[in-house]
Structures are given as C-alpha cells and as structure tokens.
Undergrad: 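Submitted below is the structure of interest, expressed as structure tokens.
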Amino acid sequence: MAVARPLDFYSVHTYGHGLHQHNPLRPSEALQYKLRGASKPCLVSFSSKFHTFCSKVQFLQNPSILGRGLSRDSSLDEVLSAGQLIKEYVEDGNGEDAITIYVKMLEFGLPVEEFRFFPCLIKAFGGLSDVGKAREVHGHVLKLGVLDDVYDVNSLLGVYWKCGAIEDAVQMFEKMCKRDLVSWNTVISGLCHSGDYMGSLRMFSRMIHDHWVLPNRVACLSALTSCSSVQSLVHGRELHGFVVKREIDTDQFLVSGLIDMYMKCGDVKNAEYVFRSIINEESIRGNPVIWNVMISGYVANGCLSHAVEVFLEMLSIGLSPDTSTMVAVIVLCSQMLDLAFGRQMHKFCFGIQLNNDARVETALMDMYFKCGDSKAGLEIFQRSLNRNMVMWGAIISNFAQSSRPDEALNLFHNIY
DNA sequence: ATAGGGTTAG
C-alpha cells in the first residue's frame, strides 16, 4: 500500500493533550509541530456551523478538560457524538466542516480508533479535490489499522478517482485483497471518466471472466458510456445482450443508455428497436430523457424528419420538453435551414420559459445565423444575460463566416 | 457505512 507523508493532523494527534499516546512522535516531528505552532493546525477554517458543533460537543465549551483529561467513558461519548455530527455534515454536502470536526477530535486527543464512520469521513475528502490530502487521510487510516474494511478502501478508491489521481487509484485497486461490486464499479466508472474507455471495458470483462463477479446496472451503464465514446458497436451489442440476459433491460437508465449507445454508434435501426419495444411501458413513457436521446440521436444521424415526428409524439402525450429537447430541436431547424420552424420554436421556448437558458439561447442564435436572419441572432446575443465562452465563440464564428468579418473582429476585441 | 447513471449550445 502506498503511504505518503503522514497527515498534517496526525502529528497533532500524537503530540499531546491526548489520552492516547501509543504513537509517540519522533523528536523531529514534534519539533516541526512546535515550529508550526497554532498557525496551521487545521485543514480548513472554522465556519459558523462549527459553533453549532461546539454547543453540541461539550469538550469545546469546556476547555478546562484539556488540563485534566477525560475519563475513558466520556471520551468515547465524545467520539460517538462527533461521529454522528460528521455523518450529518457529510450527508448535507458539508464535507469541509466534517473534516474540521475530525481534526478537532485529533487535536483533543480523543480515541479516534473508536470512530465508526470512516467511510463517511473519507468520502468528505473527495470534495477537496486535493491528492495530497487524499494521501494524508490514506496514511492516517492505514496507521490506525482500519483499512482492512472493504468499505474504507472503496471510499478511498473513490476519493483518488475524484482527485484525478489515476495512478494511485489503479494501484490501490490492484492491491486490494478483497473486492466487492462497489470496488469494481468504482474502478470501471473511474476509468470511463478519465477517458480510458477501452480500459474500462477491459475491466468490465475482467470482472466477469477472471473474477466471476456479475456486473450490475451501475457497471453496465459505465460500460455503455464507454462504448458510446469509442463508438464500438461490437462491444455495445455484446453489452446489450448481457443486459437482456441479466433482465435489467427495463431499467430506465439502461434503456436511455442503450438507445444513446446505438445512436452514437450510428446504428439508428437498433436504437429504434430498443425505443419502440419499451416505449409503451408506463414508467418509460413519462421519462423525457428517453425521448431526448431519440430526438438528439436522430438529429446527430441526419434523420431530421424522424426527429420531428418523435418530438411531436412527445408533445402529444403531454410531456414537457426541457433544455436538451429544445436544443436538439433548434439544431434540427438550423440543419433543415427552416427559418419559419425555427421562429416557431423560439416562441415555443418563451411559452415554456426556456428562453433564458444559455444553451437554448446559443442554439437559437446559431439557428438564426445559419438560416440567414443574423439580425435576430445578434439580438439574442445582445439581450442575453448568460453570455459565456461558447456563446461568444458561436457569434464570432458566425460573423466570421458571414459577410461581416469586421464585426467578428470587433466582438473578438471586446472580449479582452 | 462505500460506488453509480442517461440527453445538453460554437
């Protein structure tokens, strides 16, 4: 197991006020800590929420405790209540405060080996996106000896992926002596997110053939994303068969994933087959994403009239289009060079209050330029409250391609 | 307790 530098707060733990000094500091470390003084004892700053914690956990209200120490029982109570609090904070998405609380526990020398929420605490480190901190917590739990638990290792694995520390994550996965479905899913989706699509597919296959573990819907979904990204119809079809055999082919996410995979691979017929064979299921029918992948898939494959038909069918059953639907339909108008339909869709966007969406605005602006109404396109740009780099890029390239390259240069200068 | 998701503007 790769252990990096010890935790910043690890030395705090052993330095002192504490009850448990079974890991005495080497002199140099102690000196380092003394030199650091109080300037950097914590990973994160105090927040207002921390004061809530202060009132809940009494040892912070009662600093005299430091001088005399706590009984074994009451320090266990502190660990328990702090653990509860850490769990709540992480569930609220407030990982930084959760970490602060843990650091405080170390500072006060509480017996953290009794702490029961390491997976939760470790997960909070994912939000820091800091490989250094991830390695610190890794070293910390390793020294505490709690890293035998598959939950803890899985959480750490997830943190490494979140930090983009691919090497650390892969190495850790390979050295795991016990892996469960979550371990496999974490590494498969991690590889997929890092752009190693074939690697994630190989891992999927290794999971089945070398380890006799059957992938669940989570793994299948990641693998489908990989197939779409590398446009591998061979792997995609194989995966489709697997999904059917496992009888998870009615899962909404897998249905949209399958349709999207076929569309991205250019296999419109199989996308249609999946769509038509499931769309009458009540649960699938009401899910706009299924319709969106069909519409955008048709547009991407140039099947424009089919896209319109599916869009109208979607409206006819009373589903309301969202940003993705409208973007796909507006792109469709540009491709058909159908200004009248484009204007109609523009009005429609006002009706469903999507006219202030950056992506819809960009699509509309681009559509007006492509269909020859650059005045309307410019107006959208000028009125927009959501101008971003994509929108700027779109208007500049449209002007550059039009008869007004000078206008493109003017706009370009305005950026800087 | 840990992993995990589909569409989406130049």
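Proteins get letters first, then strands, A, B, ... in listed order; numbering begins at 1 in each. The model shown is predicted, which means the values in this text are computed figures rather than measured ones.
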Undergrad: Return the stacking result for B:dA1 and A:Y151: yes when the ring centres lie under 5.5 Å apart and the planes under 30°, no otherwise.
TA: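 Stack criterion met.
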
Undergrad: What is the distance from atom CD of A:E114 to atom CG of A:D77, rounded to the nearest 0.5 Å?
TA: 11.5 Å

Undergrad: Please classify the nucleic acid contact of A:F117 as base, sugar-phosphate, or nothing, using heavy-atom distances under 4.0 Å.
TA: nothing

Undergrad: By the 4.0 Å heavy-atom rule, please label A:D149 as base, sugar-phosphate, or nothing.
TA: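 Base: the residue A:D149, judged by heavy atoms under 4.0 Å, touches a nucleobase.
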
Undergrad: Check every strand shown and say whether A:E361 touches a base, only sugar-phosphate, or nothing at a heavy-atom separation below 4.0 Å.
TA: nothing

Undergrad: Taking CE from A:M263 and P from B:dG6, how many angstroms apart are they, rounded to a whole number?
TA: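 Answer to the nearest Å: 18 Å.
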
Undergrad: From B:dA3, B:dA1, B:dT7, pick the nucleotide closest to the side chain of A:N216?
TA: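 Ranking B:dA3, B:dA1, B:dT7 by closest atom to the A:N216 side chain puts B:dA3 first.
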
Undergrad: Determine whether more than 12 heavy atoms belonging to other residues, nucleotides or ligands lie under 6.0 Å from atom CZ of A:R116.
TA: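 Not more than 12 within 6.0 Å, no.
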
Undergrad: Between A:K264 and B:dT8, does any side-chain N or O lie under 4.0 Å from OP1 or OP2?
TA: yes

Undergrad: Can you tell me if A:Q353 has over 12 outside heavy atoms packed within less than 6.0 Å of its CD?
TA: no

Undergrad: Figure out the CD/C1' separation between A:Q335 and B:dA9, and round it to whole Å.
TA: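 So the two atoms are 13 Å apart, to the nearest Å.
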
Undergrad: Could you check which of B:dT8, B:dG10, B:dA3 has an atom nearest any side-chain atom of A:D366?
TA: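 My answer, after comparing the listed nucleotides, is B:dG10.
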
Undergrad: Have a look at A:K87 and say if it touches a base, only the backbone sugar-phosphate, or nothing, with a 4.0 Å heavy-atom cut-off.
TA: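 The answer is nothing, as A:K87 stays clear of every strand by at least 4.0 Å.
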
Undergrad: When you measure from the side chain of A:I290, which nucleotide among B:dA3, B:dA9, B:dG6 comes out closest?
TA: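 Closest of the options to the side chain of A:I290: B:dG6.
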
Undergrad: Would you give the length of the straight line joining atom OG of A:S384 to atom CH2 of A:W392, rounded to the nearest 0.5 angstrom?
TA: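 Going from OG on A:S384 over to CH2 on A:W392, the span is 10.5 Å.
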
Undergrad: Under 4.0 Å between any heavy atoms, over every strand shown, what does A:N398 touch: base, sugar-phosphate, or nothing? Just pick one.
TA: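 Since no nucleic acid heavy atom lies under 4.0 Å of A:N398, the category is nothing.
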
Undergrad: Report which part of the nucleic acid A:A358 touches: base, sugar-phosphate, or nothing (heavy-atom distance under 4.0 Å, all strands).
TA: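 Here A:A358 touches the bases of the nucleic acid.
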
Undergrad: Considering only B:dG10, B:dA3, B:dG6, which nucleotide approaches the side chain of A:N185 most closely?
TA: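 It is B:dA3.
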
Undergrad: Measure the distance from CD1 on A:I248 to C1' on B:dG4 and round it to the nearest whole Å.
TA: 13 Å

Undergrad: Measure from the side chain of A:V182, starting at C-beta and using heavy atoms only, and say which of B:dG10, B:dA3, B:dT7 lies closest.
TA: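 Looking only at heavy atoms from C-beta outward on A:V182, the closest nucleotide is B:dA3.
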
Undergrad: Which nucleotide in the set B:dG10, B:dA1, B:dT7 lies at the smallest distance from any side-chain heavy atom of A:A394?
TA: B:dG10

Undergrad: So which nucleotide from B:dA1, B:dT7, B:dG10 ends up closest to the side chain of A:V390?
TA: B:dG10

Undergrad: Would you mind reading off the distance between A:L364 atom CG and B:dT8 atom P, rounded to a whole angstrom?
TA: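 In whole Å, B:dT8 P lies 17 Å from A:L364 CG.
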
Undergrad: Counting side-chain heavy atoms from CB outward, which of B:dA3, B:dA1, B:dT8 is closest to A:S324?
TA: B:dT8

Undergrad: I'd like to know if A:E313 and A:R276 make a salt bridge, using a cut-off of under 4.0 Å between side-chain N and carboxylate O.
TA: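 A salt bridge links A:E313 with A:R276.
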
Undergrad: Would you say the side chains of A:D152 and A:S155 form a donor-acceptor pair under 3.5 Å?
TA: no

Undergrad: Could you give the CD1-to-P distance, from A:I396 to B:dA9, as a whole number of Å?
TA: 19 Å

Undergrad: Rounded to the nearest Å, what distance is computed from the CZ atom of residue A:R116 to the P atom of nucleotide B:dT2?
TA: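 Roughly 15 Å, once rounded to whole Å.
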
Undergrad: Taking the six-membered ring for Trp, are A:F275 and A:Y262 ring centroids under 6.0 Å apart?
TA: no

Undergrad: Within the structure, does a side-chain N or O atom of A:S296 lie under 4.0 Å from either OP1 or OP2 of B:dT8?
TA: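 Answer yes for this pair, as a side-chain N or O of A:S296 is under 4.0 Å from OP1 or OP2.
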
Undergrad: Could you give the CD1-to-P distance, from A:I188 to B:dA3, as a whole number of Å?
TA: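 Result: 16 Å.
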
Undergrad: Measuring from the side chain of A:D180 (C-beta onward, heavy atoms only), which nucleotide among B:dT2, B:dT8, B:dG10 has the closest atom?
TA: B:dT2

Undergrad: Between B:dA9 atom C1' and A:I395 atom CD1, what is the distance in whole Å?
TA: 13 Å

Undergrad: Of the candidate nucleotides B:dA9, B:dA3, B:dT2, which contains the atom at the shortest distance from the side chain of A:N388?
TA: B:dA9

Undergrad: Reckon A:V289 touches a base, only the sugar-phosphate, or nothing at all at heavy-atom distances under 4.0 Å?
TA: base

